[in-house]
Amino acid sequence: MSKPPPALMDKIVSLCKRRGFVFPASEIYGGQGSTYDWGPLGVELKRRVKDAWWGSLVYDRQDVVGIDSAIIQSPEVWKASGHVGGFSDPLIDNKTSKQRYRADHLVEAKVEKYRKKGKDQKSQVLQEKLNTAVGDNEALRQLILDEGIKCPVSGTDDWTEVRQFNLMFQTHVGAVQDSASVAYLRPETAQGIFINFNNVVTATRKKLPFGIAQIGKSFRNEITPGNFVFRTREFEQMEMEFFCRPEEAPEWYQYWQQQRFQWYVDLGVDPAKLRMREHAQDELAHYAAGCGDVEYLFPFGWSELEGVANRTDYDLKKHSECSGTSLSWFDQENNQHVTPYVIEPAAGCDRTAMTFLVDAYDEEGEGDDKRVVLRFHPRIAPVTVAIFPLVKKEGMPERAEEIERGLRRRFTTAIELNQSIGRRYRRQDEIGTPFCVTVDGDTLQDGTVTLRERDSMSQERVPADQLAAALEQRIEAWRRPQPAPAV
RNA sequence: GCGGCCGUAGCUCAGUGGUAGAGCUCUACCUUGCCAAGGUAGAUGUCGUGGGUUCAAAUCCCAUCGGCCGCUCCA
């Protein structure tokens, strides 16, 4: 009789809109698919994600510095990096099953099939054919037909043409839209770091190993965006390129995987829903010698939050070749130039914020008693402390405002004067505010207030003039509630 | 692009041809004394859009726009 309860993601999407975390973009014009605007609470959440990342990678250490490079660089940058030629997918559709495939993946699957059957020579020949066909749509399609590759779903070879789909957004720079003015929106922030390698070394006198961090927007014309803000065409990246001696790269690779995994755990994400997944050799991008993903178990399955890759010296060497400027580091001890290897932890800011939302979401009780609570880490919560007068009289509102003013320099605060105290507590629970302070009759007498904690709903009397210290102490001591929320 | 689902109030949705609704939310006032309290009054809609059928369309027909999910890919 009753409908199935809305799925977790639906509830979160609805809460996000209702309370101002995330709005569908261009809504009054009918919307823009898979595009979202971050609202007043969402922007605070994202800001805290970025602050936590920057704090951990830049402020908490002496071997990483930051930069903020341009979104629109010379098109030469993307030719050198391989994005103009390689950052595109050859797609082919099966007309019978209406399924779409990566044309090269179909051929690769065949190569693999030959190899598993022990037909190594056939496998090798086909691999070579594939290598020459890459970038040539006609040849790729012919290869599929020649090999008799059929659609796994329909079992037919009724294929469409192969079409190339470049994932970079193009734009035009300058007044005249001719081919000379073509430019690209960056598909990753990393290249802005590589091309500034010499500048940073000279300016900071950094010695290997050291890293350069950057947070900023990137753009990819994804064929399949979706899952709320998980995959969007415009997104914010948090990337760090860590430069080291080639022989030290494996060690740093392990180190950064461990560091980055722990970052999520330290910010309260359920360790049972986090894992590291090492890429198989055939999954690796053209520039990578190894890559491990931090994955989170979303309602729609395990998905990547962050990739930690060993990019080797690929990028610095390519830019050295293509620009004619040597991007290398002079090792004075051994009196030689070294092209460093690069370990890159690359995280998605929006999907990390979404992880915190999903992971923090909890419901307690049933029906009218139901409590929806976002159990954010206090350092992540958009509002740290809310201040209420117990009732709207006897000078309590004024006293509450006074206390709020005293706290707002050190914490993100909110003040609510209307509605019953219980309702105000629940509203703050729903946006994940970890602490609420209530001014009552006793406050006016003895100067103490009620400090209420979100997770346990427990209350304590605290002198109002010691609130800041009490809050700091509780933020520091915060631990993910046990047992872990089960939704 | 293909397939599935879907567009009615800020949110969640009901409404199968006869005056656009409910719950929550929101606003004002009263009440209030620590966990979604009660009362009174009130606000909110081009029923996605355009056309057609009809005395009459949110509802039937046609077209169109948009959204979500799935298919390739990744941060």
Side-chain angles (χ1 to χ4, degrees), chain A residues 3 5-7 9-11 13-20 23-27 29-35 87-106 153 160 163 165 167 187-190 217-218 220-232 235-239 283 285 291 293-294 300 303-309 344-352 354 364-365 367-372 388-394 396 418-430 436 438-442 450 452 454 457-459:
Chain A
K3 296 178 189 173
M9 273 317 297
D10 292 341
K11 290 193 231 182
V13 171
S14 172
L15 188 155
C16 280
K17 179 178 180 188
R18 192 159 35 82
R19 300 307 306 272
F23 304 125
S26 305
E27 200 181 13
Y29 289 104
Q32 173 78 2
S34 289
T35 310
F87 199 57
S88 61
D89 296 338
L91 300 178
I92 191 165
D93 291 10
N94 183 271
K95 292 178 190 166
T96 312
S97 66
K98 311 290 186 194
Q99 294 293 304
R100 175 168 293 171
Y101 302 92
R102 280 273 301 263
D104 52 336
H105 285 186
L106 287 173
V153 175
T160 63
R163 285 164 302 162
F165 199 101
L167 295 167
E188 62 174 15
T189 58
K217 289 234 173 157
S218 291
R220 295 180 190 175
N221 195 10
E222 296 285 351
I223 309 154
T224 312
N227 285 326
F228 197 39
V229 297
F230 184 80
R231 186 186 292 119
T232 53
F235 61 103
E236 205 156 12
Q237 288 191 304
M238 307 184 291
E239 294 194 297
E283 269 185 278
C291 185
D293 288 346
V294 180
F300 46 84
S303 300
E304 177 187 348
L305 296 180
E306 170 161 359
V308 180
E344 173 198 76
C349 179
D350 308 80
R351 52 178 66 172
T352 299
M354 178 170 151
E364 290 178 345
D368 287 347
D369 263 347
K370 191 166 87 173
R371 185 168 85 114
V372 173
F388 315 133
L390 183 57
V391 290
K392 203 158 54 166
K393 62 180 185 188
E394 292 166 20
M396 292 181 208
N418 289 317
Q419 299 182 320
S420 75
I421 189 70
R423 186 177 294 259
R424 283 177 278 169
Y425 283 146
R426 297 305 176 93
R427 292 170 63 84
Q428 292 299 324
D429 289 340
E430 200 186 17
C436 293
T438 299
V439 171
D440 58 17
D442 292 346
T450 304
R452 180 257 196 193
R454 174 197 66 202
M457 294 192 281
S458 65
Q459 303 184 351

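Letters A, B, ... are given to chains in the order of the sequence lines, protein chains preceding strands, and every chain is numbered from 1. Not measured: the values here are computed from a predicted model.
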So what does [X] touch, heavy atoms closer than 4.0 Å: a base, only the sugar-phosphate, or nothing?
X      : answer
A:S458 : nothing
A:S14  : sugar-phosphate
A:I421 : sugar-phosphate
A:L15  : nothing
A:Q459 : base
A:F230 : base
A:R452 : base
A:E188 : nothing

Problem set entry | Of A:F228 and A:R18, the one whose closest RNA chain B nucleotide lies more 5' |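 Its nearest nucleotide being more 5', the pick is A:R18.
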To the nearest 0.5 Å, how far apart are [atom1] in [X] and [atom2] in [Y]?
X      : Y      : atom1 : atom2 : result
A:N418 : A:F388 : CG    : CZ    : 11.5 Å
A:C436 : A:M457 : SG    : CE    : 11.5 Å
A:R351 : A:L305 : CZ    : CG    : 7.5 Å

Problem set entry | ring centroid sep under 5.5 Å plus plane angle under 30, A:F235 with B:A75 | yes
Exercise. For B:C26, does OP1 or OP2 lie under 4.0 Å from any side-chain N or O of A:R427?
Worked result: yes
Problem set entry | Given B:A28, B:G33, B:A75, the nucleotide with the shortest approach to the side chain of A:N418 |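 Given the options B:A28, B:G33, B:A75, the side chain of A:N418 is closest to B:A28.
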